[in-house]
Protein chains: 2
Amino acid sequence: MEAALDVLCGRWATPVIRELLRGDRSFSEMRQALPRLPDKVLADRLAHLLQSGVLERRREAEWPPRSRYALTPHGRRLGPILDALRDWGEGLARER
Amino acid sequence: MEAALDVLCGRWATPVIRELLRGDRSFSEMRQALPRLPDKVLADRLAHLLQSGVLERRREAEWPPRSRYALTPHGRRLGPILDALRDWGEGLARER
DNA sequence: CTGTATCCTGAACGATACTG
DNA sequence: CAGTATCGTTCAGGATACAG
């Protein structure tokens, strides 16, 4: 439980994960998808999720350098859980 | 989604909710169940969950005064979601 | 018994500038 | 392109004491 909350509770964690659920992304593609998210915070969040085993990075040996971020199998299993949380939250908001 | 994370991401939110999933509790019963949780933080957390519509308080007109905390129907619907989060987190921990 | 009143601290968040 | 360096602010979490 701690581990799960540690992954999900960062300010930008779920937007980042939801974006990657749609497919692999490079750093700048993430930037474009989440324009309000500052570089440093994006880097922090990616590093944290990398270390948590939710996603992985592939550095490509080209110029200019590129990285690709992708969810691990475990990360992908968050999809249905995030959906359930979204639905639950909407129900909560509707009821009040 | 915001609403759901706002409920779950407080430091002691899930222990409190899990305890109430087992049944109604008074303030001091919560204290006994979660001895490491300081009074003020418990009060803060209960107030926050009350305001979020996850649980409700019934003050009883006796002496000494008693309060009973219980999950709302919506709060109870968190049960399966918390289970899913726990399972996911355990899978994550096991894999590393 | 059920909480409030104070006060403190660490860490997350974010803005800005800079580098390999 | 893909980040790091630095710095300032804010605020939840927590310790302690007290009150209705």
Side-chain angles (χ1 to χ4, degrees), chain A residues 1-20 22-52 54-71 89, chain B residues 1-20 22-71:
Chain A
M1 176 60 61
E2 293 170 29
L5 293 177
D6 181 62
V7 164
L8 294 183
C9 287
R11 179 95 164 68
W12 288 93
T14 56
V16 165
I17 292 169
R18 288 183 92 81
E19 183 61 26
L20 288 172
R22 321 185 95 199
D24 299 10
R25 295 287 186 269
S26 68
F27 195 90
S28 56
E29 285 168 344
M30 292 298 296
R31 254 209 291 229
Q32 287 166 17
L34 304 167
R36 317 258 309 175
L37 174 53
D39 285 5
K40 177 188 169 285
V41 181
L42 174 56
D44 286 354
R45 196 56 46 196
L46 290 171
H48 187 230
L49 294 174
L50 276 167
Q51 195 195 339
S52 302
V54 172
L55 52 86
E56 56 195 355
R57 172 174 50 192
R58 248 182 46 211
R59 299 172 187 274
E60 302 191 359
E62 53 176 323
W63 195 260
R66 280 226 157 217
S67 295
R68 303 245 86 199
Y69 293 91
L71 294 173
Chain B
M1 176 59 64
E2 293 170 28
L5 293 177
D6 180 63
V7 164
L8 293 183
C9 285
R11 179 92 165 70
W12 288 92
T14 56
V16 165
I17 293 169
R18 289 182 91 80
E19 183 62 24
L20 289 172
R22 319 185 97 199
D24 300 9
R25 294 287 187 269
S26 68
F27 194 90
S28 56
E29 285 168 343
M30 292 297 297
R31 255 208 292 230
Q32 287 166 17
L34 304 166
R36 316 259 308 175
L37 174 53
D39 285 5
K40 177 191 170 282
V41 181
L42 174 56
D44 287 353
R45 197 55 47 198
L46 290 172
H48 186 229
L49 294 174
L50 277 167
Q51 195 196 338
S52 302
V54 171
L55 52 85
E56 56 196 355
R57 172 174 49 193
R58 245 181 47 209
R59 298 172 186 277
E60 302 191 359
E62 53 176 326
W63 194 260
R66 281 227 158 214
S67 296
R68 302 245 87 197
Y69 293 91
L71 294 174

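In what follows, chains carry the letters A, B, and so on, assigned in the order in which the sequence lines appear, proteins first and then strands, with residues in each chain numbered from 1. Quick caveat, the model's predicted, so the values are computed rather than measured.
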To the nearest Å, how far apart are [X] [atom1] and [N] [atom2]?
{"X": "B/Leu8", "N": "D/dA12", "atom1": "CG", "atom2": "P", "answer": "17 Å"}
{"X": "B/Arg59", "N": "C/dT2", "atom1": "CZ", "atom2": "C1'", "answer": "9 Å"}
{"X": "A/Trp63", "N": "D/dC1", "atom1": "CH2", "atom2": "C1'", "answer": "8 Å"}
{"X": "B/Glu60", "N": "C/dC1", "atom1": "CD", "atom2": "C1'", "answer": "12 Å"}
{"X": "B/Leu5", "N": "C/dC13", "atom1": "CG", "atom2": "P", "answer": "12 Å"}

Identified side chain to side chain contact (heavy atoms under 4.5 Å, CB included) counterpart of A/His48 within the set A/Val16, A/Val54, A/Leu55, A/Asp6
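Answer after filtering A/Val16, A/Val54, A/Leu55, A/Asp6: A/Asp6.
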Test salt bridge (charged side-chain N to carboxylate O under 4.0 Å, His left out) on A/Arg68 and A/Glu29 and set out the steps.
CA-CA 10 Å; A/Arg68 303 245 86 199; A/Glu29 285 168 344; 2.6 Å; yes
Should we count CD of B/Glu62 as having more than 12 external heavy atoms under 6.0 Å?
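Enclosed.
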Could you walk me through whether B/Tyr69 and B/Leu46 pass the side-chain contact (heavy atoms from CB on, under 4.5 Å) check?
CA-CA 9 Å; B/Tyr69 293 91; B/Leu46 290 172; 3.7 Å; yes
Can you list the steps and then say if A/Glu60 with A/Arg58 is a salt bridge (charged side-chain N to carboxylate O under 4.0 Å, His left out)?
CA-CA 6 Å; A/Glu60 302 191 359; A/Arg58 248 182 46 211; 3.5 Å; yes
Closest nucleotide among C/dC1, C/dG3, D/dC1 to the B/Ser67 side chain:
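So the nucleotide nearest the side chain must be C/dG3.
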Rounded to the nearest 0.5 Å, what separates atom CG in A/Leu5 from atom CZ in B/Arg11?
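Rounded to the nearest 0.5 Å, the CG-CZ separation comes out at 10.5 Å.
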Would you say [N] has OP1 or OP2 under 4.0 Å from some side-chain N or O of [X]?
{"X": "A/Trp12", "N": "C/dA12", "result": "no"}
{"X": "A/Tyr69", "N": "D/dG3", "result": "yes"}
{"X": "B/Arg57", "N": "C/dG3", "result": "yes"}
{"X": "A/Arg11", "N": "C/dG14", "result": "yes"}

Mapping B/Pro65 and A/Arg45 to their closest nucleotides on DNA chain C, which lands nearer the 5' end?
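Between the two, 5'-proximity favours B/Pro65.
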Among residues 25-44 of chain A, which contact DNA chain C at a heavy-atom distance under 4.0 Å?
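Result for residues 25-44 of chain A: A/Pro38, A/Lys40, A/Val41, sorted by number.
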Under the side chain to side chain donor-acceptor pair (under 3.5 Å) rule, collect the residues that match up with B/Arg25, sequence neighbours excluded.
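Applying side chain to side chain donor-acceptor pair (under 3.5 Å) to B/Arg25 gives B/Glu19.
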